[in-house]
Amino acid sequence: MLALVDCNNFYVSCERVFNPSLEHVPVIVLSNNDGCAVARSNEAKELGIRMGAPFFQIRELCHRQGVRVFSSNYELYGDMSRRVTSVLRRFAPQLEVYSIDESFLDLEGIDEPTSLAQDLRETVYKWTGIPVSIGIASSKTLAKAANRLAKKDGTGCRQLLADQCDNALASIKIEDVWGVGRQLGRRLRQIRILTARDLAKASPSKIRRIGGVNLERTLRELNGLSCLGMEQRQPRQNICSSRSFGRPVMELHDMEEALSSYVMTAVQRMRGEGSLAHGIQVFLATNSFKENTPQYHNSISESLPEPTDDLLAITSAALRLLRRIYRNGYAYKKTGLLLLDLMSHSLRQTNLFTEDKTRNREALNHALDQVMDTHGRDSVFLASQGIRRGWQMRRDKRSQGWTTMWDEIPAAG
DNA sequence: TCTGGGGTCCTAGGACCC
DNA sequence: TCTGGGGTCCTAGGACCC
């Protein structure tokens, strides 16, 4: 048996922990640039606000209905996520952190999984303030389905045993099955597969032709056969950093500043994980939603001379690539980079001819790491990142760094 | 005015090899 | 007239996830 623990409306719940006035009222959290609704309280869902709804389309509704609106506060959500995970670990040492708000727990050998789950729910809520829902079943895909049902029937905890699956799966629409998205959902509907139950009963070979091995796995998982094991978090293979601009950008100079800042973000993340990049890819794009303006998007990748985590080397490579694909006369919406084919720093092969230079650079990079650790991410930056930064994203409605910033910690009394 | 960001995996097709 | 078969590796693109 395994369990999927999923935090309810996670970002909204995080906001509520530190701001009780948000209880029982509609609340949404927006994506970067205050673009789309990415988390909604139940009250907001009842108002008909869809996941991913562009904010400019629902602004009026929010105003009229008194919806409380927040920009994403990732420092807060990341910290709360770690707290929830640490509680889960006490209950089930074998745990896979699947996303910022979900974990799979291995419950093998537990006699009464549902009573453990109830206990777990109460403890997480008491210790972190975050409400969670739990689905229990013999495969990950079924646990996902059980979780969905637990949310729907309001119990917050649901075990799906083999003899209950048939009925339960019949109530789940095909595109709500984990692993079936928009495209596959449409194709399956065309051949009269409308529910999770229909998929479970379909012919595996036929399903494989439509959706490859993954969809066949989903089918078998729905029949209770576990095909997706518990996985340990693998080191990332790629790191991507990119942002949409707060306003359209016309100048190469602004693009360079922005990209340089994203390089900083990506390299810091990579260094934090102790990895080196073999290659780098840079991309840029205009706003594809604007139909009547000239469109241009392009990307370019390059192998680095040797695997590296050196900020200056990666920054200069990125800016060089950007200049190669940049074209004058477009209103750009976005640029970014990927660090490709990451490997562990410990596997690095030294190069006889560049070793001295590498050592000096490493000292510089290390010093940068330390300054940022001590004084914050923005305390030091490259001149190429610029100072005015007119391209920066909007984040007007952010809540405080309740748990992550000394000067924003809540005061009592 | 205004439409996110960061990932993974699989597959098809081309280049190349013997 | 007539042009194989089997393999690897790489990349781009598509699908999915939260």
Side-chain angles (χ1 to χ4, degrees), chain A residues 4-11 28-40 50-60 62 69 71-72 74 77-78 81 96-104 140-141 144 147-148 174-188 208-218 227-228 231 233-248 262 265-266 269-270 273 278-279 281 283 285-291 293 297-303 331 333-342 393-397:
Chain A
L4 173 67
V5 181
D6 186 324
C7 301
N8 299 347
N9 313 330
F10 181 56
Y11 296 172
I28 63 173
V29 176
L30 301 175
S31 60
N32 280 331
N33 262 319
D34 295 342
C36 306
V38 290
R40 306 154 296 151
R50 292 185 336 277
M51 181 66 179
F55 182 54
F56 76 92
Q57 288 176 2
I58 54 172
R59 187 190 303 265
E60 260 308 296
C62 290
V69 179
S71 303
S72 294
Y74 289 110
Y77 311 150
S81 175
E96 174 188 342
V97 177
Y98 178 70
S99 74
I100 193 164
D101 69 336
E102 284 171 78
S103 290
F104 287 104
K140 284 183 168 178
T141 308
K144 270 275 190 185
N147 193 289
R148 165 174 283 275
I174 187 65
E175 45 286 288
D176 293 336
V177 173
W178 191 46
V180 178
R182 272 239 303 282
Q183 296 298 319
L184 284 173
R186 214 180 34 191
R187 295 197 55 194
L188 291 170
R208 189 185 187 121
R209 278 198 300 280
I210 292 173
V213 292
N214 287 326
L215 193 59
E216 184 184 348
R217 255 183 223 136
T218 299
C227 306
L228 306 164
E231 287 171 27
R233 178 53 55 97
Q234 299 298 318
R236 260 190 282 262
Q237 298 169 28
N238 303 305
I239 285 177
C240 174
S241 178
S242 88
R243 294 280 181 282
S244 296
F245 303 128
R247 57 170 176 76
Y262 307 152
T265 304
R269 206 180 304 158
M270 175 169 73
E273 297 188 2
H278 276 93
Q281 180 175 68
F283 55 88
T286 51
N287 186 347
S288 59
F289 287 101
K290 292 209 179 230
E291 288 171 3
T293 59
H297 54 95
N298 204 351
S299 73
I300 184 170
S301 49
E302 188 177 273
S303 293
K333 178 66 179 169
K334 186 176 195 172
T335 184
L337 82 156
L338 287 105
L339 302 174
L340 305 169
D341 299 325
L342 305 186
M393 67 173 177
R394 291 187 306 274
R395 206 185 179 200
D396 301 335
K397 308 170 179 62

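Chain identifiers are assigned alphabetically (A, B, ...) following the order of the sequence lines, protein sequences preceding nucleic acid strands; residue numbering begins at 1 within each chain.
Remark: A:N33 is not in phosphate contact with B:dC2, judged by side-chain N or O atoms under 4.0 Å from OP1 or OP2. One finds no side-chain N or O of A:R269 lying less than 4.0 angstrom from the OP1 or OP2 phosphate oxygen of B:dG5. In terms of phosphate contacts, A:K334 brings no side-chain nitrogen or oxygen within less than 4.0 Å of OP1 or OP2 of B:dT3. A:K290 has a side-chain polar atom (N or O) that falls below the 4.0 Å cut-off from OP1 or OP2 of B:dC2. A:S288 has no side-chain polar atom (N or O) that falls below the 4.0 Å cut-off from OP1 or OP2 of B:dT3. Distances shorter than 4.0 Å separate none of the side-chain N or O atoms of A:Q234 from OP1 or OP2 on B:dT8.
A donor-acceptor contact shorter than 3.5 Å is absent between the side chain of A:D101 and the backbone of A:F10. For A:S72 (side chain) and A:L30 (main-chain N/O), a donor-acceptor pair under 3.5 Å exists by modelled atom type.
Regarding A:M270, its CE atom lies at a distance of 16 Å from the C1' atom of B:dG6, rounded to whole Å. Counting to the nearest Å, the C1' atom of C:dC10 and the NE2 atom of A:H278 are 15 Å from each other. Remark: P of B:dT8 and CD of A:E231 are 12 Å apart, rounded to the nearest angstrom. Taking atom CG on A:N238 and atom P on B:dG6, their separation rounds to 13 Å, with Å as the unit. For the pair A:E96 CD and B:dG7 P, the interatomic distance rounds to 17 Å; values are reported in whole Å. In this structure, the OH atom of A:Y262 is 8 Å from the P atom of B:dG5, given to the nearest Å. Rounded to an integer number of Å, the gap from CD1 of A:I58 to P of B:dT3 is 13 Å. Here the C1' atom of nucleotide B:dT8 and the NZ atom of A:K140 are 13 Å apart, to the nearest Å.
Residue-level contact check: A:R236 touches the backbone only, with heavy atoms under 4.0 Å from sugar-phosphate atoms and none from bases. At the heavy-atom level, A:F289 lies under 4.0 Å from base atoms of the strands shown. Residue A:S72 is out of contact with every strand shown, counting any heavy-atom pair closer than 4.0 Å. Here A:R187 lies out of heavy-atom contact (under 4.0 Å) with every strand.
The side-chain heavy atoms of A:Y77 and A:V29, taken from C-beta on, include a pair separated by under 4.5 Å. By the 4.5 Å heavy-atom criterion applied to side chains, A:R236 and A:R269 are counted as neighbours. Taking the side chain as every heavy atom from C-beta outward, A:V180 and A:L188 approach each other to under 4.5 Å. A 4.5 Å side-chain heavy-atom check between A:R208 and A:V213 finds at least one atom pair inside the cut-off.
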For a quick test of your reading: what N or O donor-acceptor pairs under 3.5 Å do the side chains of residues 32-40 of chain A make, sequence neighbours left out?
residue	atom	partner	partner atom	Å
A:N33	OD1	A:R394	N	2.9
A:N33	ND2	A:S244	O	2.8
A:D34	OD1	A:S71	OG	2.7
A:D34	OD2	A:S71	OG	3.4
A:D34	OD2	A:D396	N	3.1
A:R40	NH1	A:I49	O	2.8

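Remark: A:R209 pairs with no residue by the side chain to side chain donor-acceptor pair (under 3.5 Å) rule, at least two apart or across chains. Applying the side chain to side chain donor-acceptor pair (under 3.5 Å) rule to A:N298 yields the partners A:Y296; only residues at least two apart in sequence or on another chain are considered.
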Item checked: Pairing pattern in dot-bracket form [Watson-Crick, G-U; both distances under 3.5 Å; | = partner strand] for DNA chain B -> ....||||||||||||||

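Put simply, OG on A:S288 and NZ on A:K334 are 9.0 Å apart, with the number rounded to the nearest 0.5 Å. Interatomic distance, A:L228 CG to A:R217 CZ, rounded to the nearest 0.5 Å: 6.5 Å. Within the model, atoms CZ of A:R182 and CG of A:L184 stand 12.0 Å from one another, a figure rounded to the nearest 0.5 Å.
Comparing B:dG4, B:dG6, B:dG7 by their closest approach to the side chain of A:I239 singles out B:dG7. With distances taken from any side-chain atom of A:N287 to the nucleotides B:dG7, B:dG4, B:dT3, the minimum falls on B:dT3.
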Close N/O contacts between protein and nucleotides 16-18 of chain C (under 3.5 Å):
residue	atom	partner	partner atom	Å
C:dC16	OP1	A:G181	N	2.9
C:dC16	OP1	A:G181	O	3.4
C:dC16	OP1	A:Q183	N	3.4
C:dC16	OP1	A:L184	N	2.8
C:dC16	OP2	A:Q183	N	3.4
C:dC17	OP1	A:G179	N	2.8
C:dC17	OP1	A:V180	N	3.3
C:dC17	OP1	A:V180	O	3.4
C:dC17	O3'	A:W178	NE1	3.2
C:dC18	OP1	A:K144	NZ	2.6
C:dC18	O3'	A:S99	OG	2.9
C:dC18	O3'	A:D101	OD1	2.8
C:dC18	O3'	A:E102	OE2	3.2

Please list, pair by pair, any protein nitrogen or oxygen found under 3.5 Å from a nitrogen or oxygen in nucleotides 11-13 of chain B.
none

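Between A:F245 and A:Q237, the residue anchored nearer the 5' end of DNA chain B, judged by the nucleotide with its closest heavy atom, is A:F245.
Note: A:Y11 and A:Y74 have perpendicular aromatic rings, judged against thresholds of 30 and 60 degrees for the angle between ring planes.
For the P atoms, the distance from B:dT3 to C:dC18 is 24 Å, rounded to whole Å.
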